[in-house]
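If you're wondering where the values come from, they're calculated on a predicted model, not measured in any experiment. Counting convention: from 1, in listed order, for ligands and their atoms alike.
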Amino acid sequence: FLLSGQSGSGKTEAMKQIVHYLSSIYQDRNDNLRQPMEVFPILESFGNAKTILNNNSSRFGKYLHIHILHGVVVGTSLSNYLLEKSRVVFQANKERNYHVFYELLEGMNDWDKEKLYLQGAETYYYLNQGGACTLKGKQEKQDFQLLLKCLETIGLHANQISNIWAILSSILHLGNICFSSYESESFEVARIFSEAEARRIGSLLQISCETLQTVITHKVTVIMSVSVFFFVTETYSTVEMTVHQLMARKMNAIAKALYSVLFEWLLEQINDWLSPAEMDSTVGVVDIYGFEDLEVNSFEQLCINFANEQLQNFLNKTLLSQEQEEYNKEQIPWYPVQLKNFHSCLELISSRPNGILRILNDQTCVPQATDHTFLQKCHYHHATNPFYIKPKNPIPVFTIHHYAGPVTYQVHNFLNKNQDQFRTEIVELFTRSRIKVNQLT
Ligand SMILES: Nc1ncnc2c1ncn2[C@@H]1O[C@H](COP(=O)(O)OP(=O)(O)OP(=O)(O)O)[C@@H](O)[C@H]1O
């Protein structure tokens, strides 16, 4: 099954119905069948968020495998694609971060919250950028209790669950770290202003607070196999970046990496619990986040719409082109359906060497490149492409004619979002943590 459609059109709800139907008709024959419905609340808490188009929008792609043995459903497993990591650190107006943060803050008792140094959602930069901390009709407390129950159902121990909350809490504290700067040898040098936050993160993640501060405020260069720490100064910044912006970028990179590693780990636990030992065939259900055309479209929307374009192309090929070929071969009377050439739009976005995403990757590696130079290159290579529109005025946007209609993308922050850098010194810092983020033991 391939579920396709605009964001909010009902794909995830349809997927649940398909899974519910297939699992329930075999329930009588297999008492031990572990139901995927029991893990959906975990996926929704950690992978769904309020967007402009949908209060419960999936921000990752799911490929659910329903496994069958001798004609009977014996279990399921999940593959995950494209978690929208940027949402952990940035939300557009009227949008929210992942549900789990708000559920945790509303649902956890005061005593446990105090141990995690937690306060109300409005106090966290990573939660209130969209100005929509409360979501009408959402029962955060009940949803938190349900989430807890589901985490226990898949076999997580109390200390593993506590570590999950510690990681989520440390992400929130990371977003609230403030910086100051001072001048040293005519360079502007960064320093962490809110040391209390850094100490809390150190204690929650069981890492040294001093090392954390050094890693954030320094750049490491390896010289003759030795790591040398330099202060982050403006000389290291790419064009248009201040020391403060560079610091924020480092914090964001850590927060995004922590969340995505946690998400991957949770999926592994879910799969360990759901997957059967034996199977002979599989039914696949693909549910990715739907096509988006928002007031402001950015890098995330380009990735989402590209994925949808690929799926639509696959659908057209298998459902229409191949069927038509077969009808022709068998000489069955048939009124040919004219298909739009989706392939050219895909080429515009991803072909080598000058597809838009290829240009973006190249530019991301060039130290002096900016969003502006990226846009100029796109205009240069594609201005005459019928699927691409260069704006008449010199504004930082380009438009793509997708299968579902034209979408205009603002290039602000494209390079930054694409970079998603995770430096080795940060990896090393977390390998020294007593909480193994990828094992949560
Ligand atoms: N069959 C249905 N019955 C009742 N409500 C539905 C049904 N399908 C969709 N809805 C309503 O529409 C909302 C959006 O549906 P859903 O989350 O499935 O959309 P989606 O296509 O998966 O969106 P996205 O691409 O943003 O993840 C649901 O939260 C629900 O309120």
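Assignment of Ser9 to the shell around ligand 1 is supported, since a heavy atom sits closer than 4.0 Å.
Using a 4.0 Å cut-off between heavy atoms, Thr12 contacts ligand 1 through both its backbone and its side chain. Looking at Gln6 against ligand 1, only its backbone comes within 4.0 Å, counting heavy atoms.
Using modelled atom types, one finds a donor on one side chain and an acceptor on the other under 3.5 Å when comparing Asn418 with Thr364. If you check the side chains of Glu264 and Asn80, you find a donor sitting under 3.5 Å from an acceptor. Counted by atom type alone, Gln410 and Ser298 present zero donor-acceptor pairs between their side chains at under 3.5 Å. Remark: the His67 side chain and the Thr282 side chain contain an N/O donor-acceptor pair separated by less than 3.5 Å.
In terms of polar-atom proximity, defined here as any N/O pair under 3.5 Å, Arg59 makes no such contact with ligand 1. At under 3.5 Å, not a single nitrogen or oxygen of Asp287, backbone or side chain, sits near a nitrogen or oxygen of ligand 1.
Judged by the 6.0 Å and 45° rule, Arg96 forms a cation-pi pair with Tyr102. Lys417 forms no cation-pi arrangement with Phe414, by the criterion of a distance under 6.0 Å to the ring centre and an angle within 45° of the ring axis.
Within the 4.5 Å cutoff, the side chain of Leu311 has no heavy atoms near those of the Ser4 side chain.
Ser58 N, 2.9 Å is the protein heavy atom nearest to atom 27 (O) of ligand 1. Shortest contact from atom 30 (C) of ligand 1 to any protein heavy atom: Glu13 CG, 4.3 Å. Counting only heavy atoms of the protein, atom 23 (O) of ligand 1 lies nearest to Gly8 N, 2.8 Å. In terms of protein heavy atoms, atom 15 (O) of ligand 1 is closest to Gly10 CA, 3.6 Å.
When the heavy-atom distances from atom 14 (C) of ligand 1 to Ile304, Ile288, Asn308, Asn54 are ranked, the shortest goes to Asn54.
Proximity of atom 11 (C) of ligand 1 to the protein is not indicated, since no non-hydrogen protein atom lies closer than 4.0 angstrom. Protein heavy atoms are found inside the 4.0 Å sphere centred on atom 25 (O) of ligand 1. Put simply, atom 20 (P) of ligand 1 has protein non-hydrogen atoms near it, under 4.0 Å away. Per-atom contact check: atom 4 (C) of ligand 1 does not touch the protein, criterion being a heavy-atom distance below 4.0 Å.
Interface atoms of ligand 1 facing Tyr289, defined by a heavy-atom separation under 4.0 Å, are 25 (O). Ligand-side atoms of ligand 1 in range of Ser57: 24 (P), 26 (O), 27 (O), range being under 4.0 angstrom from any heavy atom. Applying the 4.0 Å criterion to heavy atoms of Asn56 picks out, from ligand 1, the atoms 17 (O). Below 4.0 Å from some heavy atom of Gly290 lie the following atoms of ligand 1, by number and element: 25 (O).
Relative ring orientation between Trp334 and Tyr327 is described as perpendicular, the plane-to-plane angle rising above 60° on a 0-90° scale split at 30° and 60°. Note: Tyr403 and Phe291 have perpendicular aromatic rings, judged against thresholds of 30 and 60 degrees for the angle between ring planes. By the 30° and 60° cut-offs, the orientation of the rings of Phe263 relative to Tyr259 is parallel.
At distances below 3.5 Å, not a single donor-acceptor pair connects side-chain atoms of Ser275 with backbone N or O atoms of Asp272.
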